[in-house]
Amino acid sequence: MDLGLEGQAVLLAGASRGIGLAAARAFALEGSRIALVARDAANLREAAREVREIRGPGSPPAAAAPEVMAVAADATREEDAARAVRETIARFGRVDVLVTLVGGSRGDPGVGAPEADWDAVVAANLRAAVTMTRLVLPSMKERRSGAVIHVTSIFGREWGGAASYMAAKAGLIAYSKACARELAPHGIRVNNVAPGSTLFPGGSWDRRRKADPEGIAAFVARELPLGRFGHPDEVAAAILFLASKPASLVIGACLNVDGGQSRSLI
């Protein structure tokens, strides 16, 4: 199936590891041009090196490397986000696909968390996506074409996790639906991917499993119907589809990729 992603300029915010890096690899295999954005310059350089080494099945040894650029920037800071978009457009001429992956829980998980903790969680899980979306819209509107995929969480759709995290992720889903309705007439599709518990080296579930292997084994048996965590490549496949030509009628959706973990009926 032709996904229509060859030559597309893809900007991934929060892409130095985990789901973001897996998505970058998936787009590279489709021949996309890729801009990786993350705060940690060392991890970002390593991620860019890894993506440049991607080759499709059957590719000859001398096949051209994917076109990849890396921008060390904090997407929660508007000046950094704007610089990342400017540098991407300077290199590739446009942004065809935006994927936002900045997130995570921070600080006190309770409803009484201090304002600083709320600000940090909302900045990472909601405001970064809002800022990045606003910055790429002129490029997309000019061409009347584009795809935006926000990585949210099943805990933006139902109860689970820290109060601030749930609120921010639910807000991102609501924001995405508003964008989808407003931007569809401009040829821009906006959708969400909602992962369940996803395991990768250095991620939160990896740290928890190392700290409490018996407790996490019990969690897996109790909460994950497949008896295992999700893998970043499985979430990346959903991101790739939502960015693709075959998903042309998918607008304003929130696609769970959770192995049946979630319980919501909607």
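These values consider heavy atoms only, across backbone and side chains, with no hydrogens, waters or symmetry-generated copies.
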With hydrophobic residues grouped by side-chain heavy-atom distances under 4.5 Å, do [X] and [Y] end up in a single group?
| X | Y | answer |
| --- | --- | --- |
| Trp205 | Phe200 | no |
| Leu98 | Val151 | no |
| Val193 | Met166 | no |
| Val85 | Val37 | yes |
| Ile149 | Leu5 | yes |

What's the spacing between [X] [atom1] and [Y] [atom2] if we round to 0.5 Å?
| X | Y | atom1 | atom2 | result |
| --- | --- | --- | --- | --- |
| Leu172 | Asn125 | CG | CG | 8.0 Å |
| Leu126 | Thr131 | CG | OG1 | 9.0 Å |
| Leu44 | Arg17 | CG | CZ | 13.0 Å |
| Cys179 | Arg189 | SG | CZ | 14.0 Å |
| Glu30 | Ile54 | CD | CD1 | 12.0 Å |
| Ile154 | Ser264 | CD1 | OG | 10.0 Å |

So, does Ser32 use its side chain to make a donor-acceptor pair with the main chain of Ile34 at under 3.5 Å?
->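 Such a contact is absent between Ser32 side chain and Ile34 backbone.
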Backbone of Asp117 reached by a side-chain donor or acceptor of Arg106 within 3.5 Å = no
For the student: nearest non-hydrogen atoms of [X] and [Y], plus distance:
| X | Y | value |
| --- | --- | --- |
| Leu36 | Ala24 | CD2-CB, 3.5 Å |
| Val51 | Ala28 | CG1-CB, 3.8 Å |
| Ala47 | Ala15 | CB-O, 4.2 Å |
| Asp108 | Pro114 | CB-CD, 4.0 Å |
| Tyr165 | Ser153 | OH-CB, 3.3 Å |
| Ala167 | Trp118 | CB-CZ3, 3.9 Å |

Taking C-beta and beyond as the side chain, do [X] and [Y] meet within less than 4.5 Å on heavy atoms?
| X | Y | value |
| --- | --- | --- |
| Phe27 | Val99 | yes |
| Ser139 | Arg143 | yes |
| Ile19 | Pro195 | yes |
| Met140 | His186 | no |
| Val10 | Asp96 | no |
| Tyr175 | His150 | yes |

Counting only pairs under 3.5 Å, give me each side-chain donor-acceptor contact of residues 64-76, with atom names and distances, residues two or more places apart or in other chains.
unit_1	atom_1	unit_2	atom_2	d
Asp74	OD1	Thr76	N	3.0
Asp74	OD1	Thr76	OG1	2.7
Asp74	OD2	Thr76	OG1	3.2

Run the side chain to side chain contact (heavy atoms under 4.5 Å, CB included) check on Leu11 and Met132 step by step: do they pass?
-> CA-CA 10 Å; Leu11 193 164; Met132 294 298 299; 3.6 Å; yes
Using a strict threshold of under 4.0 Å (side-chain N to carboxylate O), is an ion pair present between [Y] and [X]?
| X | Y | result |
| --- | --- | --- |
| Arg263 | Glu158 | no |
| Arg208 | Asp212 | no |
| Arg49 | Glu53 | yes |
| Glu79 | Arg83 | no |

Under 3.5 Å, side-chain donor or acceptor atoms of residues 237-257 against the rest of the protein: list the pairs with distances, not counting sequence neighbours.
unit_1	atom_1	unit_2	atom_2	d
Ser244	OG	Phe241	O	2.6
Asn256	OD1	Arg157	NH1	2.8
Asn256	ND2	Ser262	OG	3.0

Does the pair Leu183 and Lys141 meet the rule for a side chain to side chain contact (heavy atoms under 4.5 Å, CB included), with working shown?
-> CA-CA 9 Å; Leu183 297 174; Lys141 283 183 174 180; 3.8 Å; yes
In this structure, are over 12 heavy atoms from other groups packed under 6.0 Å from Arg52 atom CZ?
-> yes
Does Arg77 CZ have over 12 foreign heavy atoms under 6.0 Å away?
->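 Atom CZ in Arg77 is not crowded, with 12 or fewer foreign heavy atoms closer than 6.0 Å.
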Could you go step by step and tell me if Ser197 and Gln261 meet the side chain to side chain contact (heavy atoms under 4.5 Å, CB included) rule?
-> CA-CA 8 Å; Ser197 299; Gln261 180 181 0; 3.0 Å; yes
Can you give the donor-acceptor pairs under 3.5 Å from side chains of residues 224-232 to other protein atoms, not counting sequence neighbours?
unit_1	atom_1	unit_2	atom_2	d
Arg228	NH1	Glu234	OE1	3.2
Arg228	NH2	Glu234	OE2	2.7
His231	ND1	Asp233	N	3.0

Are side-chain N/O atoms of Thr152 and Asn192 paired as donor and acceptor at under 3.5 Å?
->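 The answer is no; no qualifying pair exists.
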